[in-house]
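Heads up, the thing below is written out as structure tokens.
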Amino acid sequence: MIKQIICVGLCFLCLGWNIPMEKEEHAIYISVIKIKHEVNQPEATVFMRVFADDLKSALQNKFGYESISEKPTFCSDYENYINRYFKKQFTCLINNSTVDYQLSNCERTEDVYQLEFIMDCPEKWNSAKITAPFFMELFPNQSNVVHLENGTTKRFGRATKGNELLRIRF
């Protein structure tokens, strides 16, 4: 009887060692975007907070670089790639016209990059369409929460895989 118990125990132990371990993942996949536009101004500011490792993974995936540095110069080293990636993965139409934006500030705070873009836009807003599928090509559970301020009017939305387009009226 004791031999049988030891044999069964060894079988479980061996089976346990043969089970492949899964890759460790985040508890959540979320980014926050705030678009702030003062009424009658030709520019708006887009603030994004994204996890540092997600941004690095997205840039590696998009541009094919095996090693993207985690040096303090990450923002300046990869500014062009950050702009190119988000121009494809984050679009804004204001009053049915596509608006252009450029990265103006990038700063790492702990595990998060705080990105700031300056967006050229119409002075008066009637509607906005925001498409925000960034990072979803790698992380299907990604949620991108959008907070839009146009003067004193505030709107909120959440983009998820399969529901990447937000339509907002003012």
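In what follows, residues are counted from 1 in the order of the sequence shown.
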Contacts table for residues 157-168: side-chain donor-acceptor under 3.5 angstrom, sequence neighbours left out:
from, atom 1, to, atom 2, distance (Å)
R158, NH1, S143, OG, 3.1
E164, OE2, G162, N, 2.8

TODO: Check the pair F134, Y85 against side-chain contact (heavy atoms from CB on, under 4.5 Å), reporting the backbone distance first and the verdict last.
DONE: CA-CA 8 Å; F134 62 88; Y85 176 79; 3.7 Å; yes
TODO: Apply side-chain contact (heavy atoms from CB on, under 4.5 Å) to V50 and L115, showing your working.
DONE: CA-CA 8 Å; V50 298; L115 308 175; 4.2 Å; yes
Open item on the list: A side-chain contact here means heavy atoms from C-beta on lying under 4.5 Å apart; do F135 and S31 qualify?
Closed with: yes
TODO: Any chance you could measure L59, atom CG, to D77, atom CG, to the nearest 0.5 Å?
DONE: 11.5 Å
Open item on the list: Count I, L, V, M, F, W, Y as connected when their side-chain heavy atoms are under 4.5 Å apart, and connections chain through other members. Are F86 and V32 then in the same cluster?
Closed with: no
Side-chain donor-acceptor distances from residues 118-130 under 3.5 Å, at least two apart:
from, atom 1, to, atom 2, distance (Å)
W125, NE1, P122, O, 2.9

Task: Distance in Å, K154 NZ paired with E149 CD, rounded so as to fall on 0.5 Å steps - done: 4.5 Å
- [ ] State, yes or no, whether a side-chain contact exists between K36 and N150 at a heavy-atom distance under 4.5 Å.
- [x] no
Task: Any residue meeting side-chain contact (heavy atoms from CB on, under 4.5 Å) with R84, in chain and number order, not counting sequence neighbours - done: F63, N80, Y81
- [ ] Treating Ile, Leu, Val, Met, Phe, Trp and Tyr as nodes and any side-chain heavy-atom pair under 4.5 angstrom as an edge, say whether F47 and F90 lie in one connected cluster.
- [x] no
- [ ] Please report the C-alpha distance between F139 and D54 in whole Å, then the side-chain angles of each, then the deciding distance to 0.1 Å, and finally whether the side-chain contact (heavy atoms from CB on, under 4.5 Å) criterion is met.
- [x] CA-CA 9 Å; F139 313 112; D54 295 348; 3.7 Å; yes
Task: Interatomic spacing from OG in S57 to NZ in K62 - rounded to 0.5 Å - done: 15.5 Å
- [ ] Hey, can you tell me if F74 and Y78 have their rings parallel, tilted or perpendicular (30° and 60° cut-offs)?
- [x] tilted
Open item on the list: Test of understanding: clusters of I, L, V, M, F, W, Y form through side-chain heavy atoms closer than 4.5 Å, transitively. Do L93 and V146 belong to the same one?
Closed with: no
Open item on the list: Same cluster or not: M48 versus Y29, using hydrophobic residues (I, L, V, M, F, W, Y) connected whenever any side-chain heavy atoms lie under 4.5 Å apart?
Closed with: yes
Task: Evaluation steps, side-chain contact (heavy atoms from CB on, under 4.5 Å), between E116 and T45 - done: CA-CA 7 Å; E116 185 176 321; T45 307; 3.6 Å; yes
Task: Connected via hydrophobic side-chain network under 4.5 Å: M136 and V145 - done: no
TODO: Answer with yes or no whether the side chains of Q142 and N144 bring together a donor and an acceptor at under 3.5 Å.
DONE: yes
Task: Distance-minimising heavy-atom pair for V39 and G151 - done: CG2-CA, 3.4 Å
Open item on the list: A side-chain contact here means heavy atoms from C-beta on lying under 4.5 Å apart; do R49 and T109 qualify?
Closed with: no
Task: Validation row: E79, Q102 side chains within 4.5 angstrom (heavy atoms) - done: no
Open item on the list: Parallel, tilted or perpendicular, judged at 30° and 60°: which one describes the rings of F117 and Y101?
Closed with: perpendicular
TODO: To the nearest 0.5 angstrom, please state how far the CG atom of L55 sits from the CG atom of D53.
DONE: 9.5 Å
Task: Flag side-chain contact, heavy atom, 4.5 Å: L103 against N105 - done: no
Open item on the list: So, taking the atom named NE2 in H37 and the one named OG1 in T153, what distance separates them when rounded to the nearest 0.5 Å?
Closed with: 11.5 Å
Open item on the list: Rounded to the nearest 0.5 Å, what separates atom CD in Q60 from atom CG in L138?
Closed with: 9.5 Å
